[in-house]
Amino acid sequence: EIFGGRPSLALSGAGAIAAAIKSRGTSAQATVLGPDEESAPLTRAVAGELGLPWFVATKVRAGDRNVHVKLPPDCVLRDRDVIIVDDVISTGITIASLTEECRQSGCREIDVYAVHALCPLDTVHKLQRAGVRSVVSSDAIPHPTNGISIADVLADGLHQAGSIRP
């Protein structure tokens with residue numbers, strides 16, 4: 001038991017991320033990518049709401065700051081826009097590695113969307129120098145990249161929690 005027998009509710013930022021992507025506009029030729037296996041549920045949910053194909057990279061970690069990701073063999077990105085989605089950006093190393101793979105695969109633009117940005121602003125600048133056009137995070141944690149409101153997600157969760165009985 002995570003919360004000692006107390007009721008809990010898991011909330012997802014997928015709908016809020018998809019709404020933000022829709023409001024900014026996206027190409028029908030875009031592909032949604034997750035940087036690692038842990039991102040699969042979020043990646044699938046965002047892509048499903050957008051009606052776009054999605055793939056998840058495989059992360060190979062040789063140390064805390066030595067990470068490489070590999071795209072699946074059937075993931076063709078040439079001349080496609082890429083939307084990377086992840087739950088948390090902390091060091092940015094995994095997303096930087098995925099960005100490099102995307103660039104080598106001939107993609108057009110890369111935008112990154114995250115539920116939580118826990119990284120210093122310098123990490124965002126490094127991602128932009130690596131080829132990321134924009135980094136957008138939710139306002140769950142204050143950060144200069146905040147551009148996704150999760151107020152509705154939290155309100156819906158609180159409404160649902162009102163019907164949960166201990």
Side-chain angles (χ1 to χ4, degrees), residues 2-3 6-28 30-57 59 64-65 67 69 77 80-102 107-164:
I2 295 175
F3 295 108
R6 299 199 185 270
S8 62
L9 183 65
L11 302 176
S12 171
I17 290 173
I21 293 168
K22 285 178 188 176
S23 74
R24 291 176 57 140
T26 189
S27 165
T31 298
V32 181
L33 293 179
D36 54 31
E37 296 84 356
E38 295 168 346
S39 68
L42 180 64
T43 304
R44 179 185 318 110
V46 170
E49 290 200 35
L50 297 172
L52 295 172
W54 65 278
F55 297 90
V56 174
K59 184 180 348 185
D64 283 346
R65 299 202 177 263
V67 175
V69 297
L77 299 178
R80 296 184 70 89
D81 290 336
V82 171
I83 300 166
I84 298 173
V85 296
D86 204 0
D87 57 347
V88 176
I89 302 172
S90 52
T91 65
I93 292 171
T94 304
I95 292 177
S97 179
L98 181 55
T99 297
E100 183 178 329
E101 287 287 312
C102 293
C107 76
R108 290 189 311 213
E109 300 290 346
I110 301 171
D111 294 301
V112 176
Y113 292 84
V115 178
H116 306 294
L118 303 178
C119 58
L121 194 53
D122 185 55
T123 298
V124 174
H125 294 149
K126 287 178 185 175
L127 291 173
Q128 291 170 331
R129 286 192 300 273
V132 170
R133 176 173 56 183
S134 65
V135 177
V136 183
S137 67
S138 83
D139 57 6
I141 297 171
H143 194 271
T145 60
N146 290 164
I148 301 168
S149 172
I150 62 159
D152 288 343
V153 174
L154 296 175
D156 290 346
L158 289 170
H159 180 73
Q160 289 177 32
S163 64
I164 296 175

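Contact check for Ile150 versus Asp139: side-chain heavy atoms found under the 4.5 Å cut-off.
Atoms OG1 and CH2, on Thr31 and Trp54 in that order, are 12.5 Å from each other to the nearest 0.5 Å. Note that CD1 of Ile93 and CD1 of Ile95 are 11.0 Å apart. Values are rounded to the nearest 0.5 Å. Note that the SG atom of Cys102 and the CZ atom of Arg80 stand 12.0 Å from one another [nearest 0.5 Å]. Interatomic distance, Thr123 OG1 to Ile89 CD1, rounded to the nearest 0.5 Å: 9.0 Å. The CG atom of Leu118 sits 4.5 Å away from atom CD1 of Ile141, with the distance rounded to the nearest 0.5 Å.
The side chain to side chain contact (heavy atoms under 4.5 Å, CB included) test with Glu101 singles out one residue from Val69, Leu33, Leu77, Val82, and that residue is Val69.
Between Leu98 and Pro35, the closest heavy-atom pair is CD2-CA, 3.7 Å. Contact record, Gly92 with Leu127: O-CD2, 3.7 Å, taken as the closest heavy-atom pair.
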(request) Please test Val136 against Ile148 for side-chain contact (heavy atoms from CB on, under 4.5 Å), starting from the C-alpha separation and ending with a verdict. (result) CA-CA 7 Å; Val136 183; Ile148 301 168; 3.7 Å; yes
(request) Please test Val112 against Val124 for side-chain contact (heavy atoms from CB on, under 4.5 Å), starting from the C-alpha separation and ending with a verdict. (result) CA-CA 10 Å; Val112 176; Val124 174; over 6 Å; no
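Remark: His116 pairs with no residue by the side chain to side chain donor-acceptor pair (under 3.5 Å) rule, at least two apart or across chains. Residues passing the side chain to side chain contact (heavy atoms under 4.5 Å, CB included) test with Glu38 are Asp36, sequence neighbours excluded. Residues forming a side chain to side chain donor-acceptor pair (under 3.5 Å) with Asn146 (at least two apart in sequence, or on another chain): Ser137. Every residue two or more places apart in sequence or in another chain that forms a side chain to side chain donor-acceptor pair (under 3.5 Å) with Glu100 is listed here: Gln104.
Looking at Arg133, its side chain never comes within 3.5 Å of a backbone N or O of Ile110 through a donor-acceptor pair. The backbone N or O of Glu109 lies less than 3.5 Å from a partner atom in the side chain of Asp81, making a donor-acceptor pair. Checked by atom type and distance alone, the side chain of Thr145 never pairs as donor or acceptor with a backbone atom of Val135 at under 3.5 Å.
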Report, one line per pair, each donor and acceptor closer than 3.5 Å where one atom sits in a side chain of residues 10-28; sequence neighbours left out.
| residue | atom | partner | partner atom | Å |
| --- | --- | --- | --- | --- |
| Ser12 | OG | Ala14 | N | 3.0 |
| Ser23 | OG | Ala20 | O | 2.9 |
| Arg24 | NE | Tyr113 | OH | 3.3 |
| Arg24 | NH2 | Ser134 | OG | 3.1 |
| Ser27 | OG | Gln29 | N | 2.8 |

Check: residues 40-50 side-chain donor-acceptor pairs under 3.5 Å, at least two apart:
| residue | atom | partner | partner atom | Å |
| --- | --- | --- | --- | --- |
| Thr43 | OG1 | Ser39 | O | 2.8 |

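The salt bridge (Lys or Arg N to Asp or Glu O under 4.0 Å) pairs that include a residue from residues 122-132 are Asp122-Lys126, where partners are two or more places apart or lie in different chains.
No more than 12 heavy atoms of other residues, nucleotides or ligands shown are found within 6.0 angstrom of CG on Asp152.
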